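The structure appears right after this line, and notes come after that.
Since we're looking at a predicted model, the values are computed, not measured. Note on naming: letters A, B, ... go to the chains in the order of the sequence lines (proteins, then strands), and numbering restarts at 1 for each one.
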Amino acid sequence: MCAQMYYRGKMFGFVHLYNGQEAVSTGFIKLLKKEDSVVSTYRDHVHALSKGVSARAVMSELFGKTTGCCRGQGGSMHMFSKEHNLLGGFAFIGEGIPVATGAAFTSKYRREVLKEADCDHVTLAFFGDGTCNNGQFFECLNMAALWKLPIVFVVENNLWAIGMSHLRATSDPQIYKKGPAFGMPGIYVDGMDVLKVREVAKTAIERARRGEGPTLVECETYRFRGHSLADPDELRDPAEKAHYTARDPITALKKYIIENKLASEADLKAVDKKIEEVVEDAVEFADESPHPPRSQLLENVFADPKGFGIGPDGRYRCEDPKFTEGTAQV
Amino acid sequence: MAAIFQGVGAATALSPSNSIASKKFQLPTRRSVSARKRGIVLVRSDGSLNLGLNSRGRRDQPLITNAVATKSDGSAASTASKSGHEILLFEALQEGLEEEMDRDPRVCVMGEDVGHYGGSYKVTKGLAEKFGDLRVLDTPIAENSFTGMGIGAAMTGLRPVVEGMNMGFLLLAFNQISNNCGMLHYTSGGQFTIPIVIRGPGGVGRQLGAEHSQRLESYFQSIPGIQMVACSTPYNAKGLMKAAIRSENPVILFEHVLLYNLKERIPDEDYICNLEEAEMVRPGEHVTILTYSRMRYHVMQAAKTLVNKGYDPEVIDIRSLKPFDLYTIGNSVKKTHRVLIVEECMRTGGIGASLTAAINENFHDYLDAPIVCLSSQDVPTPYAGTLEEWTVVQPAQIVTAVEQLCK
């Protein structure tokens, strides 16, 4: 639907779709409490939805409307939700990992310094294979293991960083092996099977909750579409794509459910229909939502708008009513 | 402070359009305005009420027209409360930090060697013993990541103070400071606040070499969403540190390597300095000299010479590097009509360059001469002492510039 809307001109810029990787997001995030935090990358629509942000809020944000989860100011790559503890949405890779480490640090701080004994919030940091060659990744693995922070580092290894194959970019392509080098367990899991991911996620999250420290989980997964909607996706071998499309996590789960008689075909069709309705409703809502007005331009630059300073007339600029309307001069 | 002037309403008395012969009526007018100030109740936000009282108390002091603060002396603040205590600048920073950590358990410190070592400039001395290793966190040498960690902690409810052992090291944290620190409040639509303080010593020291002598204020000034302040005396160091920690905005506090051992008598009471305001160091009539951090002392030294030569410079320590306090600066320009900016930043794209543009934009009609900006040479700071001396602005150059300007 996002792609359709993009090609119809409802959204612009960079949009990164998550098709094919859904098992990782669902497997991990559905085990979290509301107070646990999730940090993601630009490929964050599904992480936002899994964490509990409403489809309407996400779609509006993609359309750049003021009813979006970030008031239209973030966009596809910067989904934030304070209510659901989604800490972003970062455009530069690796940038979110230190932020996730900070959230985990807060959890430990609250338990040990502020003496909130029941604070066992866990943070999940999602990132890709390309990020695993970045300095911030290694620096944070070190700090998390050093201070036993309640964090799980989830690598969504889809083998491709835009057009750079993971094997061409990494000296040792087995990322999970880099965990033990820093003193934390490194687990490898089939990221196309949601139940396997969920099992591994359970151990990792429980370990973090108990205060035993971080875990590095590498999920073998694949994105069915290009890196972004602007990516022609010519470099990837069609045979490789076919191989992974056959392992589509949603179809696989459907098959599993039907084979094990957990639900009937009719039930699943009803679920499909419901999802379609939610999506249609979200698109309609986003379409009808208003664009942000001019007055919103300068509203959230500072938490304390005195930061805009004192103007030549001696008053704080933010006291000028024309200020956030953007008609005053900054 | 801004609201006070609003309440006074007699703004014209403070900024006469004609500066000649203003000396006679300027002083008494200001004094009477100050007297009126005492009665005004500041209706402003948060803790500003308390601080207003103290800094107003300072301004009520008789204006000392030929007081020139030397390096060991303080500004007018030294006579503020006779019962105050003498303190060195790094101790003032430490006092401010400790008081804020006592006051709010969410305030924590992160940086290299801030804990057991006490800070490479002793600003965090004794804090780890008092507050524990988690509250005063010794980090590994990973500026980008621990600054990012500070930002993540700030987003989730803590109030971290991140120390760069030398401001130059924060270049490694530029990614986090630019992308996350300044931007996340906005891109999250106002959902997350980042009440972080990033501080560290910068500036040209004594033959520290090029990489340890950087002035990062010019690199950070374009980042939207952050505030930058520079401290220069023990009084404003403690005040700005406390204000920065209490502020909901991300604040970068610039200290200077050579100013840590300045001694001054500061009040015993709790006080903070307004983050957005400039400080009037020495009122005058002939020329406005705008400066900050270490250059304030070079300017005051030059002022001594200038006074002997018959000039009357007005010296303002701008303190707030972003945003500029255009009110104090503007009033001064309207009075003297001549501006000299003395800074330690590089010539190209420095704070002085921005300030020149801002003054030209806002107060062009009041200027009698083009703004002169004295900055450091556009050169990586050399090691040799003589060369290093010529990189930064020296008092003699300031004197010459004023003489030129006032011709």
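The two residues B/Glu143 and B/Ala173 make their nearest non-hydrogen contact at O-CB, 3.8 Å. Across every non-hydrogen atom of A/Met79 and A/Leu86, the tightest pair is O-CD2, 3.6 Å.
For chain A, no part of B/Met183 is nearby; none of its heavy atoms comes within less than 4.5 Å. Both the backbone and the side chain of B/Phe146 come within contact range of chain A, with heavy atoms under 4.5 Å apart. Looking at A/Asn85, there are no atoms closer than 4.5 Å to chain B (heavy atoms on both sides), in backbone or side chain. Heavy-atom distances place the side chain of B/Asn180, and not its backbone, under 4.5 Å from chain A. Both the backbone and the side chain of A/Phe302 come within contact range of chain B, judged by heavy atoms closer than 4.5 Å. Neither the backbone nor the side chain of B/Ile329 comes within contact range of chain A, judged by heavy atoms closer than 4.5 Å. Neither the backbone nor the side chain of B/Leu275 comes within contact range of chain A; no heavy atom of the residue lies under 4.5 Å from a heavy atom of that chain.
Within 6.0 Å of the CZ atom in B/Phe174, the count of heavy atoms belonging to other residues, nucleotides or ligands exceeds 12. By the 6.0 Å contact criterion, OH on B/Tyr366 is open, its count of non-hydrogen atoms from other residues, nucleotides or ligands being 12 or less.
Heavy-atom neighbours of chain B within the stretch residues 105-115 of chain A, taken at a separation under 4.5 angstrom, comprise A/Phe105, A/Thr106, A/Lys108, A/Tyr109, A/Glu112, A/Val113, A/Leu114. Residue-level contacts of residues 40-67 of chain A with chain B do not occur; threshold 4.5 Å between heavy atoms.
Under the 3.5 Å distance criterion, the side-chain polar atoms of B/Glu163 are left unmatched by any main-chain donor or acceptor of B/Asp113. In this structure, the side chain of B/Asp133 does not engage the main chain of B/Ala128 through any donor-acceptor pair within 3.5 Å. Side chain of B/Tyr186 to backbone of A/Leu297: a donor-acceptor contact under 3.5 angstrom is found. B/Asp138 places a side-chain N or O within 3.5 Å of a backbone atom of B/Gly115 that can act as its donor or acceptor partner. Between the B/Asn362 side chain and the B/Ala358 main chain, a donor and an acceptor come within less than 3.5 Å of each other.
The pair A/Lys33-A/Asp120 meets the salt-bridge criterion, with a side-chain N (NZ, NE, NH1 or NH2) lying under 4.0 Å from an Asp/Glu carboxylate O. Salt bridge absent: B/Arg319 and B/Asp325 never bring a charged side-chain N and a carboxylate O closer than 4.0 Å. Contact check on A/Asp304 versus B/Arg246 returns no salt bridge, with no Lys/Arg side-chain nitrogen under 4.0 Å from an Asp/Glu carboxylate oxygen.
Put simply, of A/Ala91, A/Cys69, A/Ala103, A/Gly94, the one with the most heavy-atom pairs under 4.5 Å next to chain B is A/Ala103. Looking only at heavy-atom pairs under 4.5 Å with chain A, the residue among B/Thr193, B/Ile226, B/Ile151 that has the most is B/Ile226. Ranked by non-hydrogen atom pairs under 4.5 Å with chain A, the options B/Asn179, B/Ile141, B/Asn144 are led by B/Asn179. Residue with the most contacts toward chain A among B/Arg106, B/Gln191, B/Arg135: B/Gln191 (heavy-atom pairs, distance under 4.5 Å). Of the residues considered (A/Ile97, A/Val39, A/Asn300), A/Asn300 shows the highest number of contacts with chain B, using heavy-atom pairs under 4.5 Å. The greatest number of non-hydrogen atom pairs below 4.5 Å with chain A, out of B/Leu137, B/Leu184, B/Ile194, B/Thr139, is found for B/Leu137. The candidate from B/Met155, B/Glu248, B/Met149, B/Lys322 with the greatest count of non-hydrogen atom pairs under 4.5 Å with chain A is B/Met149. When each of B/Pro224, B/Gly157, B/Cys108 is checked for heavy-atom pairs under 4.5 Å with chain A, B/Cys108 comes out on top. In terms of heavy-atom pairs under 4.5 angstrom with chain B, the leader among A/Gly74, A/Gly309, A/Ala303, A/Gly311 is A/Ala303.
B/Glu361 CD to B/Ser354 OG: the interatomic distance, rounded to the nearest 0.5 Å, is 10.5 Å.
Residue pairs meeting the ring-ring contact (aromatic ring centres under 6.0 Å, His included) criterion with at least one member in residues 130-149 of chain A, sequence neighbours excluded, are A/Phe127-A/Phe137.
Side chain to side chain, B/Thr147 and B/Gln176 fail the donor-acceptor criterion of an N or O pair below 3.5 Å. Side chains of B/Thr328 and B/Glu277: no donor on one and acceptor on the other come within 3.5 Å.
Considering only residues two or more places apart in sequence or on other chains, B/Pro323 meets the side chain to side chain contact (heavy atoms under 4.5 Å, CB included) condition with B/Gln227, B/Glu276, B/Ser320.
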